[in-house]
Amino acid sequence: MKKKRTRNKKNISVKAHKKRKHIIRDREKAAQNVSPVVEKYWFQRYNLFSKYDEGIKMDEEGWYSVTPEQIAIRHALRCVAATAKPNPVVIDCFAGVGGNAIQFARMCCSVVAIDIDPKKLELAINNAKIYGVQHCIDFIVGDFFQLAPSLKGDIVFLAPPWGGPSYKSIENFTLDFLKPRDGFTIFQFAQTITPNIIMFLPRNVDLLQVEELSWLSSPPLEVEIEENYLQNNVKGVTVYFGGAACH
């Protein structure tokens, strides 16, 4: 009988512990204004920012738009390898809350982080401070399409908005679905800065269209397409153009 009572106490203790964990988790979500739309991304928060608990700040769009940290690190490593410069200049054209800009800066790149939304750049500045790289990033509030003619850099990084979580329901994601303009237009503006372009796109993107982007130059640019995995799941496709592609 004593053993039975002890076992029951343990079961009650485990249930109480799980209940406390759920209560704490729910309080954390409420404190951070996590809406039902982004709840599943909140559960993956440490994949997005490993230093999340140190003061990372996000808005709703940031939750489903930011590049997962390990993929952003991959982008930064490729960028450094492609330029063969000690301090390459990377232009992050749609910086959002700063996921990619931070990792570029951590790899000793000088970063120009652009976003048309000043609130997003405020969040990006906060997040860059958490990682100690805010001094390596120039944050510019503005429209990339208006700024492009005056920009100079070694690599242009493009991670334009995919149109929200609903992109997953599109069987064949064409470049027309990208925001704020279609992918061909975005790419052409990037080319006015440099032919060395890195583009992060949805996993269901039309790869034939992506290859067509390389033909916009004369002669056509080298192109390399890479699937990006996180915990054995494809999270996106990165396309490297020009000098950013492996030869």
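Residues take their numbers from the sequence shown, with the count starting at 1.
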Discussion item. Going by salt bridge (charged side-chain N to carboxylate O under 4.0 Å, His left out), name the pairs with one or both residues in residues 124-145, residues two or more places apart or in two chains.
Written reply: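 Qualifying pairs: none.
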
Discussion item. Strictly by salt bridge (charged side-chain N to carboxylate O under 4.0 Å, His left out), give each pair with a member in residues 161-182 just once, sequence neighbours left out.
Written reply: none

Discussion item. Using a 4.5 Å cut-off between side-chain heavy atoms of Ile, Leu, Val, Met, Phe, Trp and Tyr, which other residues end up in the same hydrophobic cluster as Ile73?
Written reply: Leu77, Val80, Met107

Discussion item. Other members of the hydrophobic cluster containing Ile116, with the 4.5 Å side-chain heavy-atom rule, please.
Written reply: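 Under the 4.5 Å side-chain rule, Ile116 groups with nothing.
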
If the condition is salt bridge (Lys or Arg N to Asp or Glu O under 4.0 Å), which residues does [X] pass it with, not counting sequence neighbours?
X      : value
Glu61  : Lys120
Asp154 : Lys85
Glu226 : Arg74, Arg78

Worksheet item: What residues, two or more places apart in sequence or in another chain, satisfy ring-ring contact (aromatic ring centres under 6.0 Å, His included) together with Phe187?
Response: Phe241

Worksheet item: Who passes side chain to side chain contact (heavy atoms under 4.5 Å, CB included) against Lys119, sequence neighbours left out?
Response: Asp117

Fill in: Evaluation steps, side-chain contact (heavy atoms from CB on, under 4.5 Å), between Leu48 and Trp63
CA-CA 8 Å; Leu48 305 180; Trp63 279 108; 3.8 Å; yes

Worksheet item: Tell me, which pairs form a ring-ring contact (aromatic ring centres under 6.0 Å, His included) where one or both residues lie in residues 86-118, sequence neighbours left out?
Response: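 ring-ring contact (aromatic ring centres under 6.0 Å, His included) check on residues 86-118 returns Phe94-Phe144, Phe104-Phe157.
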
Discussion item. Students often mix this up, so state it plainly: with edges at 30° and 60°, are the rings of Phe145 and Phe189 parallel, tilted or perpendicular?
Written reply: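 Correct class here is perpendicular.
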
Worksheet item: What pairs of residues pass the side chain to side chain donor-acceptor pair (under 3.5 Å) test when at least one of them lies in residues 86-113, not counting sequence neighbours?
Response: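 Sorted pair list: Thr67-Asn100, His75-Asn100, Asn87-Ser110, Gln103-Arg106.
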
Discussion item. Any side-chain to backbone donor/acceptor pair from Asn127 onto Ile56? Under 3.5 Å, distance only.
Written reply: no

Discussion item. Quick one, Asp115 and Phe139 - any side-chain contact, counting heavy atoms below 4.5 Å?
Written reply: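 In short, these two side chains do not touch, never coming nearer than 4.5 Å.
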
Can you give each donor-acceptor pair under 3.5 Å made by side-chain atoms of residues 199-214, sequence neighbours left out, with the distance rounded to 0.1 Å?
unit_1, atom_1, unit_2, atom_2, d
Arg203, NH1, Val234, O, 3.2
Asn204, ND2, Tyr167, O, 3.0
Asn204, ND2, Ile170, O, 2.6
Asp206, OD1, Leu208, N, 3.0
Asp206, OD1, Gln209, N, 3.2
Asp206, OD2, Asn172, ND2, 3.1
Gln209, OE1, Leu175, N, 2.7
Ser214, OG, Glu211, O, 2.7

